[in-house]
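Report on the following structure.
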Amino acid sequence: MSAKNLEKTVVSTLEKLEKLKIDGKLHAELSWCWNSYKHDNNPKGVIEKSGEALELLKAKRNENNKAVSKKLIEDLEKIAAL
């Protein structure tokens, strides 16, 4: 996954977590990991927290199919596979 696609996916994930008001702690941690990644290019934290966000957003999508886009789920799965 390119850095540009990674950025787009993480930013979209942060926006979705905030909009749905789910797990503010995860939002803060993912945001911190993303900012850290921009400085050191070590994706470990971003991958880990994106995986956690993926599970939460999948559950939300199962509750309400329109709450989370299929594309966002697929993009998060690509990050988790890194």
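Since we're looking at a predicted model, the values are computed, not measured.
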request  = Using the side chain to side chain contact (heavy atoms under 4.5 Å, CB included) rule, take N42 and S36 through it: C-alpha gap first, then chi angles, then the decisive distance, then the call.
outcome  = CA-CA 8 Å; N42 182 349; S36 175; over 6 Å; no
Minimum heavy-atom distance [X]-[Y], with the two atoms named:
X   : Y   : value
S50 : V10 : OG-CG2, 4.3 Å
A3  : Y37 : CB-OH, 4.4 Å
A67 : K16 : O-NZ, 3.0 Å
T13 : A53 : CG2-CB, 3.7 Å

inquiry  = Would the distance check show the side chain of S31 and the main-chain N or O of H27 forming a donor-acceptor pair, the cut-off being under 3.5 Å?
reply    = no
inquiry  = When you measure from the side chain of N5 to the backbone of M1, do you find a donor-acceptor pair of N or O atoms at a distance under 3.5 Å?
reply    = no
inquiry  = The criterion is side chain to side chain donor-acceptor pair (under 3.5 Å); which residues satisfy it with E7, sequence neighbours excluded?
reply    = none
task = Sort and list the pairs that fulfil salt bridge (charged side-chain N to carboxylate O under 4.0 Å, His left out) and have at least one residue in residues 23-43, not counting sequence neighbours.
result = K25-E29, E29-K49
Donor-acceptor contacts, no H, no angles, side chain residues 70-82, under 3.5 Å, sequence neighbours left out:
{"from": "K71", "atom 1": "NZ", "to": "D75", "atom 2": "OD1", "distance (Å)": "3.4"}
{"from": "K71", "atom 1": "NZ", "to": "D75", "atom 2": "OD2", "distance (Å)": "3.0"}
{"from": "E77", "atom 1": "OE2", "to": "K58", "atom 2": "NZ", "distance (Å)": "3.4"}

ask   = How many angstroms lie between OG in S2 and NZ in K8, if you round to the nearest 0.5 Å?
value = 10.0 Å
message = Rounded at 0.5 Å granularity, tell me how far CD in E18 sits from CG in L14.
response = 8.5 Å
Sub-4.5 Å side-chain heavy-atom contact between E15 and K19 = no
ask   = Quick one: does L6's side chain get under 4.5 Å of W34's, heavy atoms only?
value = yes
query = Same hydrophobic cluster for V11 and L57, using side-chain heavy-atom links shorter than 4.5 Å among ILVMFWY?
reply = no
